[in-house]
Chemist: 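I'd like to ask some things about the structure below.
Keep in mind that the numbers below use all heavy atoms, side chains included, and drop hydrogens, waters and symmetry copies. First listed ligand is number 1; within each ligand, the first listed atom is number 1.
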Amino acid sequence: MALKRQAEPEPISGCPRHVAIIMDGNGRWATKRGRPRLFGHHAGARRVREVLEACPHIGVEYLTIFAFSTENWKRTQVEVAGLMTLFRRYITRETSALVASGVRVRFIGDRVRLEETLTRMMTNLENATAHNSRVNLTIAINYGGRDEVARATKRLAEDVAAGTLKPGDINEETLPRYLDTFVLPDPDLVIRTSGEARISNFLLWQSAYSEYEFVDTLWPDFTRAEFESLCTSYGERDRRYGGVKA
Ligand code: IPE
Ligand code: IPE
Ligand code: MG
C-alpha cells in the first residue's frame, strides 16, 4: 500500500505501553458508500499498517486489535467467509513487511473453530516473527473474553485434577497465566471506533483498569493522527487504581 508521506512520529510523553483497539464501523462505512460490507472490511484492514508503524516511534510497545469475535459467527455466511479470506490475504500480503520491520505477531482467540489453512498461516506468521521485538502486534480472531476465561478455567481445572496446581494457589497472579494473553501486559488504553460505547466481550479480565476512548470515527477512516492524539490524551490522564491521588 502506498502511504502518504508524513513526518516521522515523535515520542509521546506518558504514552500507553499497550493499546488495544476494537476496530468497529467497517460495515457502516461501506453501506454509506453503497458498497457491500466486505468492501468496508478490506478498507479497514488497510488502516492497520499506518497505526502499527506509528507505535514504535511514539512509545507503544504492544498493539492488540480485535478482528473477529466469538459472536461474529452470527453474521451471514458470505460475510464470515469473506472475513476469513481477508485474514488469509492479510497474512500473505503483510508477512514480509512485518518480518522486516521487527514486528512480533501473536494471535489470541480459540483456533479450534477456524479453518486449518488459516490456523497454519497464523502459526507460521507467529514463528516467522518470533525473534522480533521492536513492537508486538496481537490479533484477536475468534476471540471472546468469556470464552477465553472458560477455556482458561478448563485448563486450570485439568492442572488441579492432575495435581500440578493446588486450589489454594489460584489467585489473581496464577489465573491469568491460563489466559491467551499470558505473555502480554494488560492494556493501558482501549480504543473503540464507530461511536458504540461497549466492550463487546473484548479483553474482559485484562481491561479491569484500562482507560477507555470511544470515538465516532468509523474504523476505515481512523488515522495515525487520531491515534497519536488519543495516546497523547492518555498521557494526561490520572490512573488511580482505586487509590487516592497523592
Ligand atoms: C468491525 O466492523 C469488524 C468486525 C466486527 C469484523 P463491523 O463489521 O462490526 O461494522 P459495523 O459495526 O457493522 O459498521
Ligand atoms: C466488536 O464489534 C468485534 C470486532 C470489532 C471484531 P461488533 O460490531 O461485533 O460488536 P457489536 O455487535 O456492535 O457489539
Ligand atoms: Mg460493528
Chemist: Less than 4.0 Å between a side-chain N and a carboxylate O, is that true for E211 and R237?
Modeler: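 Result for this pair is yes, salt bridge flagged.
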
Chemist: Would you mind finding which of R75, H41, R198 brings a heavy atom closest to atom 7 (P) of ligand 2?
Modeler: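 It is R75 that holds the nearest heavy atom.
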
Chemist: My understanding is that only one of F202, W73, Y143 makes a ring pair (Phe, Tyr, Trp, His ring centres under 6.0 Å) with F68; could you say which?
Modeler: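 The ring pair (Phe, Tyr, Trp, His ring centres under 6.0 Å) with F68 is passed solely by W73 among F202, W73, Y143.
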
Chemist: Is it the case that ligand 2 has an N or O less than 3.5 angstrom from some N or O of S200?
Modeler: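 Yes: some nitrogen or oxygen of S200 is under 3.5 Å from one in ligand 2.
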
Chemist: Pick one of side chain, backbone, both or neither for how A67 approaches ligand 2, counting any non-hydrogen atom pair under 4.0 Å.
Modeler: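 Answer for A67: backbone.
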
Chemist: With a 4.0 Å cut-off on heavy atoms, is G25 touching ligand 1?
Modeler: yes

Chemist: Nearest to atom 2 (O) of ligand 2, what protein heavy atom do you find, and at what distance?
Modeler: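 Scanning the protein heavy atoms, the shortest distance from atom 2 (O) of ligand 2 goes to R192 NH2, 3.5 Å.
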
Chemist: How long is the span from the CG atom in N26 to the OG1 atom in T193, to the nearest 0.5 Å?
Modeler: 7.5 Å

Chemist: Would one find an N or O of E196, backbone or side chain, under 3.5 Å from an N or O of ligand 2?
Modeler: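 In fact, backbone or side chain, E196 has no N or O that close.
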
Chemist: Quick one: does ligand 2 sit under 4.0 Å from the side chain of F68, the backbone, both or neither, non-hydrogen atoms only?
Modeler: backbone

Chemist: Nearest 0.5 Å please: distance from the OG1 atom of T232 over to the CD1 atom of I12.
Modeler: 3.5 Å

Chemist: Closest by any non-hydrogen atom to atom 13 (O) of ligand 1: pick that one out of E79, R37, M23, R28.
Modeler: R37

Chemist: Out of curiosity, is S69 lining ligand 1, as in a heavy atom under 4.0 Å away?
Modeler: no

Chemist: Run the salt-bridge test on R28 and E196 with the 4.0 Å N-O cut-off and return the result as yes or no.
Modeler: yes

Chemist: If you count the non-hydrogen atoms of other residues, nucleotides and ligands that lie under 6.0 Å from CD in E236, is the total more than 12?
Modeler: yes

Chemist: Name the closest protein heavy atom to atom 9 (O) of ligand 2, giving the residue it belongs to and the distance to 0.1 Å.
Modeler: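 Going by distance alone, atom 9 (O) of ligand 2 is nearest to N72 ND2, 2.9 Å.
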
Chemist: Identify the protein heavy atom lying closest to atom 10 (O) of ligand 1, giving its residue, its atom name and the separation to 0.1 Å.
Modeler: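 For atom 10 (O) of ligand 1, the nearest protein heavy atom is G27 N, 2.9 Å.
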
Chemist: So, is D24 placed with an N/O/S atom under 2.8 Å from the Mg ion (ligand 3), counting both backbone and side chain?
Modeler: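 True for D24.
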
Chemist: Do the charged groups of R134 and E61 touch, with an N to O distance under 4.0 Å?
Modeler: no

Chemist: Salt bridge between E116 and R120, side-chain N to carboxylate O under 4.0 Å?
Modeler: yes

